[in-house]
Number of protein chains: 2
Amino acid sequence: MKNRLGEIRKERGIKQDELAEILEVSRQTISSLENGKYNPSILLAFKIARYFNMSIEEIFIYEGEENGK
Amino acid sequence: MKNRLGEIRKERGIKQDELAEILEVSRQTISSLENGKYNPSILLAFKIARYFNMSIEEIFIYEGEENGK
DNA sequence: TTTAAAGGTAAAGTATACTTTACGTACATG
DNA sequence: CATGTACGTAAAGTATACTTTACCTTTAAA
């Protein structure tokens, strides 16, 4: 799954550090998400979407053909 | 987080069993989701939404005030 | 040329999503 | 009554999301 998190975050002029605190996750979580190390939980995806005033689908791009559960 | 999975599945006249096979998860996973035992991964949420031709937000209802990560 | 700010990442631990196996219950139909 | 279908659920194991701690690199400025 791809995501536009880093892109959107930079557009809003906010640091990983700050976003992490707002979303109540660690900075490493934000970094890992932006660099595609793993996918967010659906709760975190909702928090992110809500914070940026976007839908989950606008930020996280599911193309199918994914194996993980 | 609440969801309308059971409701939507019944509308479509499909069994837990069948949905599980289509989504490539176990029947227990479907049952657990419908009964609010836990939340889906975002990948599974996308698969479900795509299968029902709906958005994640139409099926899974995030109200905020949730603690889990 | 040090110092700090911003971000990448690794290791080890915890929480939770999901699996397999298995059994229980309710309901329908023979 | 007996058998099958649909669903709930429990226990134990695996995979992955996320944490804490910590260190490293790059860039920019004093």
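Here is the naming used below: chain letters follow the sequence lines, and residue numbers restart at 1 for every chain. Hydrogens, waters and symmetry mates play no part in the numbers below; they use all other heavy atoms, side chains included.
In this structure, the nucleotide among C/dC18, D/dC7, D/dC18 sitting nearest to the side chain of B/K15 is D/dC7.
Distance CD (A/E21) to P (C/dA5): 15 Å, rounded to an integer number of Å. At whole-Å resolution of the value, CD1 in A/I30 and P in D/dA17 are 14 Å apart. Regarding A/E24, its CD atom lies at a distance of 20 Å from the P atom of D/dA17, rounded to whole Å. In this structure, A/M1 places its CE atom 13 Å from C1' of D/dT16, rounding to the nearest Å. Here C/dA4 presents its C1' atom at 13 Å from CG of A/D17, a figure rounded to the nearest Å. Between B/I42 atom CD1 and D/dA15 atom P the separation is 22 Å, expressed in whole Å. At whole-Å resolution of the value, CG in A/L43 and C1' in C/dA17 are 12 Å apart.
Evaluation of the ring pair (Phe, Tyr, Trp, His ring centres under 6.0 Å) rule for B/F52 yields no partner, not counting sequence neighbours. Partners of B/Y38 according to the side chain to side chain contact (heavy atoms under 4.5 Å, CB included) rule, which considers only residues two or more places apart in sequence or in another chain, are B/T29, B/S32, B/L33. Partners of B/E58 according to the salt bridge (Lys or Arg N to Asp or Glu O under 4.0 Å) rule, which considers only residues two or more places apart in sequence or in another chain, do not exist here. Taking the side-chain hydrogen bond (donor to acceptor under 3.5 Å, both in side chains) definition, one finds that B/Q16 meets it with B/E34, sequence neighbours left out. For A/Q28, there are no side-chain hydrogen bond (donor to acceptor under 3.5 Å, both in side chains) partners at least two apart in sequence or on another chain. For B/R50, the side chain to side chain contact (heavy atoms under 4.5 Å, CB included) partners are A/Y62, not counting sequence neighbours. In terms of the side chain to side chain contact (heavy atoms under 4.5 Å, CB included) criterion, residue partners of B/I14 (sequence neighbours excluded) are, by chain and number, B/R9, B/R12, B/E18, B/L19, B/I22, B/Y51. Taking the ring pair (Phe, Tyr, Trp, His ring centres under 6.0 Å) definition, one finds that B/F60 meets it with nothing, sequence neighbours left out.
A donor-acceptor pair is defined here as one N or O able to donate and one able to accept, closer than 3.5 Å; such a pair exists between the side chain of A/K47 and the backbone of A/L23. Formation of a donor-acceptor pair under 3.5 Å by the B/N3 side chain with backbone atoms of B/L5 is found in this model.
Phosphate contact (OP1/OP2 of D/dG8, side-chain N/O of B/Q16, threshold under 4.0 Å): present.
Taking a 4.0 Å limit (strictly below) on heavy-atom distances, residues 31-40 of chain A reaches DNA chain D at A/Y38, A/N39, A/P40.
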Task: Where protein sits on nucleotides 20-26 of chain C, one letter per nucleotide: B base, S sugar-phosphate only, - none, heavy atoms under 4.0 Å - done: BBB----
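Over its full length, the helix from C/dT1-D/dA30 to C/dG30-D/dC1 turns its helical axis through 20°, comparing axes from the five pairs at each end and rounding to 10°.
Between A/I61 and A/M1, the shortest heavy-atom contact is O-CG, 3.2 Å. Scanning all heavy atoms of the two residues, the minimum distance from B/A45 to B/I56 falls at O-CG1, 4.0 Å. Closest heavy-atom contact between A/I59 and A/A49: CD1-CA, 3.7 Å.
For the atom pair B/S31 OG and B/D17 CG, the distance stands at 11.5 Å (nearest 0.5 Å).
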Which atom pairs link the protein and nucleotides 25-30 of chain D when you take only N or O atoms and keep those under 3.5 Å?
none

